[in-house]
Each structure stands twice: as C-alpha cells, then as structure tokens.
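A short write-up of the structure that comes next.
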Amino acid sequence: QVSELVQFLLVKDQKKIPIKRADMLKNVIREYRNAYAEIVRRADRILQEVFGLQLVEIDTKRHIYILINNLPHAEGQHLCRGKEKEVMGLLLVILSFIFMKGNSVKDSEFSPKPPSLYPHFSFSLTPHFPGALWEFLHLLRVYPGKQHSVFGDVRKLVTEEFVRQKYLETTPIPLTDPPEFKFQWGPRAEKETSKKDVL
C-alpha cells in the first residue's frame, strides 16, 4: 500500500492538485483504514528520501495535503522546465505584487466598461477587467481577456488554476455591489516559497 500511495501522490502532484485524505482512503488505502497513519508516515518518508518531497497538510479541518519540494535550491531558483517555468514566473510576479500591496489585492468581478470617447462605436481592443492585479498584468502586456501565447486564458489561469492549486486564495468581500473579492497568498504559496524569495 505504501508504494501505491507514493505513486498516487506523485501523479496528483504533477498537476499540483491538492490531495484529500478521503481520496487516499478511497483510491489507495481502502481496507487498510486502520493502518492509515502508518501508511502515510512511511509514504512521506519515501517521498522525502527518494524524491526530496514532503507531504504537508494545508487544511486540518478537511484534511487536504500538498507535496512540497524539500531539496535545497539556490535563492530564487525553482525546479521546473519549459512552459511550467514561465507559468511559475507569472505566479511569482503575482505573489510579489500581492505581497507589496500589503498581502492582499482587491478586485471586482464585474464593472461597467469605462466611458467611450466615441459613444456611437462600441469596440474595445481588450475587455475591461477592473482591479489592481489586472491593471498590473496589463502593464506587463498580459491581458486577462485575451488568449496569451504561453499562458493561454490568463483570467482562468489566475482565478481558477492558481486558486485550485492553492497558490492563491480569493475571499469575497461582503456587501459589495458589483461583487468584489481579494486575492491573497494561498497555503501552497506559503509553504513552497517565502516573501524573501518573491522579492
């Protein structure tokens, strides 16, 4: 069961999908539920000794885990390649922006488009996405409403993928119309990197 769990965890980590205890029990451990703690402990030891990864619980109420890299690396250097490296570069830029804005960046989900200089013509080169983060990315020529050659759908990458992978968290701001929310570092970002690394 231990080697099967190690494989399961490595596969899940390929897509940076947080791992639920319920999934480990259902898909791997099954009838060995009573030995759950021992199986996980042994799998964690193998992950550390063989792969340099550590199984970390990021949500103690819902029992959600991630794998983080335990290998020492040079400052600012991360183990990734190709497109993944570029995506992680964008993520680090976003994390540093959030950090420099006081650990939280407010954004609106929807807002009216800015007034047009030519009211008879309704055209826009890029869709309007309000908020500090989108304005910042716009300055970097990364537009949330347009398909990017490397990042694809940037809005989906930031608001869905990075959030699902627990690099970012979005928290709704109550009583706002249109709805507003704030971006903050997620638990994976807190565990895998430091404020010093992103600067």
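Each residue takes its place number in the sequence, starting with 1. All values below come from the heavy atoms of this structure, side chains included, with hydrogens, waters and symmetry mates left out.
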Non-neighbouring partners of Phe183 that pass ring pair (Phe, Tyr, Trp, His ring centres under 6.0 Å), sequence neighbours left out
Phe181
Are Leu140 and Leu92 connected into the same hydrophobic cluster when the rule is that any two of I, L, V, M, F, W, Y join if their side-chain heavy atoms are below 4.5 Å apart?
yes
Taking all non-hydrogen atoms of both residues into account, name the closest pair between Thr60 and Glu57 and its distance.
CA-OE2, 3.6 Å
My understanding is that only residues two or more places apart in sequence, or in another chain, count here; which of them pass side chain to side chain contact (heavy atoms under 4.5 Å, CB included) with Leu175?
none
ILVMFWY cluster, Met100 and Phe136 together (side-chain gap under 4.5 Å):
yes
When you measure from the side chain of Asp44 to the backbone of Val40, do you find a donor-acceptor pair of N or O atoms at a distance under 3.5 Å?
no
What heavy-atom pair brings Ser104 and Gln184 nearest, and what distance separates the two atoms?
CB-CG, 4.0 Å
With heavy-atom distances below 4.5 Å as the criterion, would you say the side chains of Lys20 and Arg62 are in contact?
no
If we only count heavy atoms from C-beta on, is the Leu168 to Thr159 side-chain gap below 4.5 Å?
no
Beyond-backbone contact of Asn103 with Phe99, side-chain heavy atoms, under 4.5 angstrom
yes
Minimum heavy-atom separation for Leu133 and Val105, please, with both atom names.
N-CG1, 3.8 Å
Determine whether Asp107 and Lys182 satisfy the following criterion, side-chain contact (heavy atoms from CB on, under 4.5 Å), listing intermediate values before the conclusion.
CA-CA 6 Å; Asp107 268 300; Lys182 59 185 176 181; over 6 Å; no
What's the spacing between Arg42 CZ and Glu38 CD if we round to 0.5 Å?
4.5 Å
Would you say the side chains of Tyr167 and Glu192 form a donor-acceptor pair under 3.5 Å?
yes
Is Pro187 close to Glu169 at the side-chain level, that is, under 4.5 Å between some pair of heavy atoms?
yes
When you group the ILVMFWY residues by side-chain heavy-atom contacts below 4.5 Å and let the links chain together, are Leu10 and Leu5 in the same group?
yes
Flag this pair as yes if the NZ/CZ of Arg21 is under 6.0 angstrom from the six-membered ring centre of Tyr36 and inside a 45 degree cone about the axis; otherwise no.
yes
Remaining members of Ile68's ILVMFWY cluster at a side-chain heavy-atom cut-off under 4.5 Å?
Val56, Ile58, Ile64, Ile66
Would you call Arg164 and Glu160 a salt bridge, taking side-chain N to carboxylate O under 4.0 Å as the test?
no
Is Val50 close to Val6 at the side-chain level, that is, under 4.5 Å between some pair of heavy atoms?
no
List for me each residue that meets side chain to side chain contact (heavy atoms under 4.5 Å, CB included) alongside Glu4, sequence neighbours excluded, and say none if there are none.
Gln1, Val28, Arg30
Got a sec: does the NZ of Lys191 have more than 12 other heavy atoms crowding it under 6.0 Å?
no
Would you name the heavy atoms of Arg33 and Leu25 that are closest together and state the gap between them?
NH1-CD1, 3.4 Å
Under the ring pair (Phe, Tyr, Trp, His ring centres under 6.0 Å) test, which residues partner His148, sequence neighbours left out?
Phe151
Where the side chain of Asp153 meets the backbone of Lys156, is there a donor-acceptor pair that is under 3.5 Å apart?
yes
Find out whether Leu90 and Leu137 are in side-chain contact, i.e. whether some heavy atom of one side chain is under 4.5 Å from a heavy atom of the other.
yes
Across all chains, not counting sequence neighbours, the ring pair (Phe, Tyr, Trp, His ring centres under 6.0 Å) partners of Phe8 are none
Minimal non-hydrogen separation, Leu67 against Leu9, with atom names:
CD1-O, 3.6 Å
Scanning both residues in full, the closest heavy-atom pair of Phe162 with Val158 reads CB-O, 3.6 Å
Would a single hydrophobic cluster contain both Ile29 and Ile17, if residues Ile, Leu, Val, Met, Phe, Trp and Tyr are joined by side-chain heavy-atom contacts under 4.5 Å?
no
Going only through I, L, V, M, F, W and Y residues with side-chain contacts under 4.5 Å, is there a path from Leu91 to Val150?
yes
